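Take a look at the structure below.
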Amino acid sequence: MSTAMNFGSKSFQPRPPDKGSFPLDHFGECKSFKEKFMKCLRDNNFENALCRNESKEYLECRMERQLMAQEPLEKLGFGDLINGKSDKN
């Protein structure tokens, strides 16, 4: 009953979450990057640390095509992979 009294007091303005929700890739724009990343995971016993380059490339693809918010790679944990630098090199 108490919710009925709140309808006129303030209108609800929905907003998307800051993190954790993003549009699906309905048109397969980043499918090749996703497949490359998933293959890397399978080939490396799902040790994601061994597939960081593929993960970075996949996220870059999503950002370039507005399938996720633009974020600095450093903020996403890829600061050490920028400009081709990595622990593998």
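No experiment lies behind these values; they were computed from the predicted model shown.
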With side chains defined as the heavy atoms from C-beta onward, is the minimum distance between [X] and [Y] less than 4.5 Å?
| X | Y | result |
| --- | --- | --- |
| F46 | C51 | no |
| C40 | K36 | no |
| L81 | L73 | no |
| C30 | L67 | yes |
| F33 | L59 | no |

- [ ] Treating Ile, Leu, Val, Met, Phe, Trp and Tyr as nodes and any side-chain heavy-atom pair under 4.5 angstrom as an edge, say whether I82 and L76 lie in one connected cluster.
- [x] yes

Open item on the list: Hydrophobic cluster membership, with links at side-chain heavy-atom distances under 4.5 Å among I/L/V/M/F/W/Y: are Y58 and L41 in one?
Closed with: no

Open item on the list: Any salt bridge linking K56 with E60? Criterion: basic side-chain nitrogen under 4.0 Å from a carboxylate oxygen.
Closed with: yes

Task: Under 3.5 Å: donor-acceptor pair, side chain of R52, backbone of G77 - done: yes

TODO: Examine distances only and state if a side-chain atom of Q70 and a backbone atom of M63 form a donor-acceptor pair shorter than 3.5 Å.
DONE: yes

Can you tell me how far the [atom1] atom of [X] sits from the [atom2] atom of [Y], to the nearest 0.5 Å?
| X | Y | atom1 | atom2 | answer |
| --- | --- | --- | --- | --- |
| E54 | N48 | CD | CG | 11.5 Å |
| L50 | N53 | CG | CG | 11.0 Å |
| M68 | D25 | CE | CG | 12.5 Å |

Open item on the list: Applying side chain to side chain contact (heavy atoms under 4.5 Å, CB included) to C61 and E57, what does each step give before you reach the verdict?
Closed with: CA-CA 6 Å; C61 176; E57 291 171 1; over 6 Å; no

Task: Minimal non-hydrogen separation, F78 against S55, with atom names - done: CZ-OG, 3.5 Å

